[in-house]
Amino acid sequence: MSPTEPEGIRRQSTTRRRRTVRLRTLLIWLAVVPTVAMGTQVTVTAQRLLAQSEKLRSDVAAAEQVGAPLYTLMVDMQAERTATAARWAGSDNSEGELRVRREATDLAAAEFRRLAVDPSRSFSEVTRQLEKLAEYRQRADARIGAADSTLAYYSEVIGKVIQVYQQEFSHAEDAELAQASRPVVSMLQATEMVAREDTVLALAGPSGELTFVGYDQFVSALGAQRYLHEALIVPHLTARDQRFYDRVVGSADWQTKTRIESAVLSGHKDIVTGIRLPAEVGGWSSAHANFSVQMTTLNIDLARSVLARGEAKAGELQTEVAWLIGGSAGGLLAVVVVVFFTTRSVLRRLNDLHERTVTVAEETLPDVVARLQRGQSVDPDALPAVTGDRDEVGRISDAFARAVEVSVDGHRRLAAERHGFGLFASGIASRTGNLVSRQLSLTEDLQDTFGHDEALLAELMRADQLTVGMRRQIENLLILAGGEVPDPHTEPMRVADLLREAAAEVEDFRRIERQALDETSVEPSAISQISHLLAELLDNATRFSPPKSKVVIRAELVTDGLSVEIEDRGPRVSPERYEEMNGRLHEAPPYSVLAQNAHRLGLFVVGHLADQLGATVTLRRSVYGGTSAVVILPRQLLVASDPQAPREIEPQPRVLELLPAPTRAPAASVSSEPAVREAAAEPAPATEPAPATEPAPEPEPVVHTSAGLPSRRAKAPVAVATAVSAPAPALVPVPAARPALPERVPQTHIAEQLREPRAQESVVRPDTATPEEVADAWADYEQGTQTVEEELRRDQP
């Protein structure tokens, strides 16, 4: 047994599939990305708020720790500046007052240096200015330079102190606290302006005279402090602080201060050296000493109020952070829960859709297609229906339902077309089979008429054999069209006879060696199908093996039934090719595969017959290097043979002898039932044929030619009165020990559709072809056969 297709290596696809992301992963990422972004934003916001809270607490702590000494330092510096100006002017008791003020300043400066150790704060400028204090005191004591330059040093130190307050304790990052701290800084600046007025008036001394520069400083300080009070202090005070401020500005001391300032502005006198102050200036010192204490108290209250607000704000920020973290955590948890259940719902619906799709694709649709191929009806409820859902999953389900509907409609049309093609093929096979039956009948008539001619008889036998092959090909067409080969047998047939019958279907039957047991027979209903199956395998084995090699067919009982093995000596076949061919044999291939292999249908016919019989056919490499086909017939097809029946053991192949039947009915009355021929012909008288009404005559001896071919004796038909008797050739009696050989019975294996009555041939026209034309036709046939065999050999690896 050899392959009918060339072996090749399937080309593997080199296209790399792009890796796709699972829907579950996409949904998870869809939840993770916003969650991470929200968590990051919450973390950044919480850190910012916590940093702001820590800054507020740090400012409050620094203000409580350093703010009071710093304010004390500013007040002492202002008092020392005034005392320095008074001593420079030569006022009474100014030296003792200056000594007291310097001691207070030194104590405040020392306390400030001890507490202002934080390098992140802007205390370094004040500390650096304080290092010059001793130098300027010496200049003041020695009266080196102008008084304005010495007094300007004290004003610069006090300005640095106010700047520290403004930078460290104004809380510019918080609008509310910045608004609350603005009056504190403005109050400090207004207090400094009033202190500068005090210093300028002290510099006038007992003479009450000021230089023009001193007078300008007084006017500038007065204008600045009035602007600060009116624009930056009063509008931003709270109700409680406003009441306190009103008591201060409404006191007698503050009124005295205001009256003296107005008198200096309007009642001064210009002199050559400068300005002479009015007499009202003498009440400035006592009034300033009283209202400055009240202003200091107001400044301290405002500072404490700001610190309290800062502490409360820090607590609020921490509470806000806690709520932010808690709310964000709750929101993230809600997002996770919603995404989890949403993902679960979507995936569950998609999983249900996938399971329904797989069920339809793997179970429902194949079953529907199989029913349509068998010509059965299909229940519409078994197919998925369009629900009309508007969501995405529903639309996918409806799209799949529409695809299944289109596919089923296509298979329904294909099944209808296939059924129509089967009817068409059956009709063609029926007509062609009728012609083949007539051809076989004509061949038999020629064999009966011209059986005395050895050469002609041999050619007629070959033509008969070719006609039998044509009939088998017609039955192949019927099988592939979906029909079945009916079996006309009514009695079981022995396995040996079945093998002989299958071998008789092969053109090169002389090369077939049969080895079979006679104890087993085959059911009558399966004889034709088994014979056809074995004939196809034998024909393939003889065509694809060397012309002079033997093809062995043996049969024996095995556990699963009857094993029939056909072994040839054809070319080698690869294991992959065997696997592919066995796949086609174990499962009948679809018609799409048949369409691609229309010129190689032997294995397809075998596969269809094996599927109908429930048998298995396996191809494998034989020990001789060729192919061995093993057919396992199930036990249901076997019956035990009659032990009394004659057995025939033929270890060697025997030439099939086609002998005429004793009597033949006219061609017009041929019945559809097969007529079984006897193994040997009945002897007849030499002068005239036996009457038709006599009983069946005894078998006549077989005439053999010198070439070993059996010949037929020419008989004059009963119905023809003008027949000329031919001289009887010498008869060679058949030895008694030789058993009778079975003959091929016409229409034994033909399908029911092909078994039709033959039209009577009224006139048999002789063949007008010359021997040369016959020889040329035969040469063309052999050349075509060799060409096909060469093409098949080239297809092999």
Side-chain angles (χ1 to χ4, degrees), residues 71 74-91 94 97-98 101 140 146-159 161-162 185-234 245 248-270 274-299:
Y71 185 77
M74 183 187 71
V75 173
D76 291 339
M77 289 291 290
Q78 289 173 349
E80 183 179 349
R81 180 182 59 186
T82 302
T84 303
R87 185 180 177 185
W88 199 290
S91 299
S94 59
E97 180 68 20
L98 179 59
R101 295 303 180 185
D148 293 336
S149 61
T150 303
L151 297 178
Y153 163 74
Y154 289 95
S155 299
E156 185 177 359
V157 174
I158 295 171
V161 172
I162 295 175
V185 178
S186 299
M187 186 65 72
L188 293 177
Q189 293 176 346
T191 303
E192 168 62 13
M193 294 300 102
V194 175
R196 289 186 182 182
E197 292 180 24
D198 184 41
T199 301
V200 171
L201 294 178
L203 187 59
S207 63
E209 295 180 359
L210 288 177
T211 62
F212 291 109
V213 175
Y215 180 77
D216 291 339
Q217 292 176 353
F218 180 85
V219 173
S220 298
L222 176 59
Q225 64 95 11
R226 287 183 177 180
Y227 171 78
L228 291 172
H229 280 279
E230 293 175 0
L232 301 179
I233 296 177
V234 175
Y245 178 80
V248 173
V249 298
S251 64
D253 297 325
W254 187 268
Q255 296 299 325
T256 301
K257 163 190 167 295
T258 304
R259 187 176 60 255
I260 293 173
E261 292 173 343
S262 299
V264 171
L265 292 177
S266 61
H268 69 276
K269 294 181 179 181
D270 297 334
I275 298 297
R276 183 181 297 275
L277 297 177
E280 289 86 352
V281 176
W284 174 270
S285 297
S286 59
H288 179 267
N290 293 328
F291 73 75
S292 63
V293 174
Q294 296 176 353
M295 281 296 176
T296 300
T297 303
L298 179 59
N299 287 337

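Rounding to the nearest 0.5 Å places CD of E197 at 10.0 Å from OG of S220. In this structure, OG1 in T256 is found 13.0 Å from NE2 in H288, a value given to the nearest 0.5 Å. Atom CG in L201 sits 9.5 Å away from atom OG1 in T82 (nearest 0.5 Å). Atom-to-atom distance recorded for S186:OG and Q225:CD is 13.0 Å, nearest 0.5 angstrom. The CZ atom of F291 sits 8.0 Å away from the OG1 atom of T258 when rounded to the nearest 0.5 Å. With rounding to the nearest 0.5 Å, the separation of CG in L222 from OG in S262 is 7.5 Å.
The salt bridge (Lys or Arg N to Asp or Glu O under 4.0 Å) contacts involving residues 203-230 comprise E209-R276, R226-E261, where partners must be two or more places apart or lie in separate chains. Pairs of residues two or more places apart, or lying in two chains, that qualify as ring pair (Phe, Tyr, Trp, His ring centres under 6.0 Å) and include a residue from residues 189-232 are Y215-H268, H229-Y245, H229-W254.
Under a 3.5 Å cut-off, the side chain of T211 and the backbone N or O of G214 do form a donor-acceptor pair. Looking at S207, its side chain does come within 3.5 Å of a backbone N or O of A204 through a donor-acceptor pair. The main-chain N or O of V249 is found under 3.5 Å from a side-chain atom of Q255 such that the two form a donor-acceptor pair.
For the pair P278 and G267, the tightest heavy-atom approach, listed with the atom from each and the gap, is CB-O, 3.9 Å. Between D270 and I275 the shortest heavy-atom distance is OD1-CD1, 2.6 Å. When all heavy atoms of A89 and P206 are compared, the closest pair comes out as O-CD, 3.7 Å.
Side chains of T296 and Y71 form a contact here, defined as non-hydrogen atoms less than 4.5 Å apart.
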Show every donor-acceptor pair shorter than 3.5 Å between a side-chain atom in residues 188-196 and any protein atom, with sequence neighbours excluded, or say none if there are none.
unit_1	atom_1	unit_2	atom_2	d
T191	OG1	M187	O	2.7
T191	OG1	N299	ND2	3.2
E192	OE1	Q78	NE2	2.8
E192	OE2	R81	NH1	2.8
E192	OE2	R81	NH2	3.4
E192	OE2	R196	NE	2.9

- request: Give the intermediate values and the outcome of side-chain contact (heavy atoms from CB on, under 4.5 Å) for residues L203 and D148.
  value: CA-CA 10 Å; L203 187 59; D148 293 336; 4.0 Å; yes

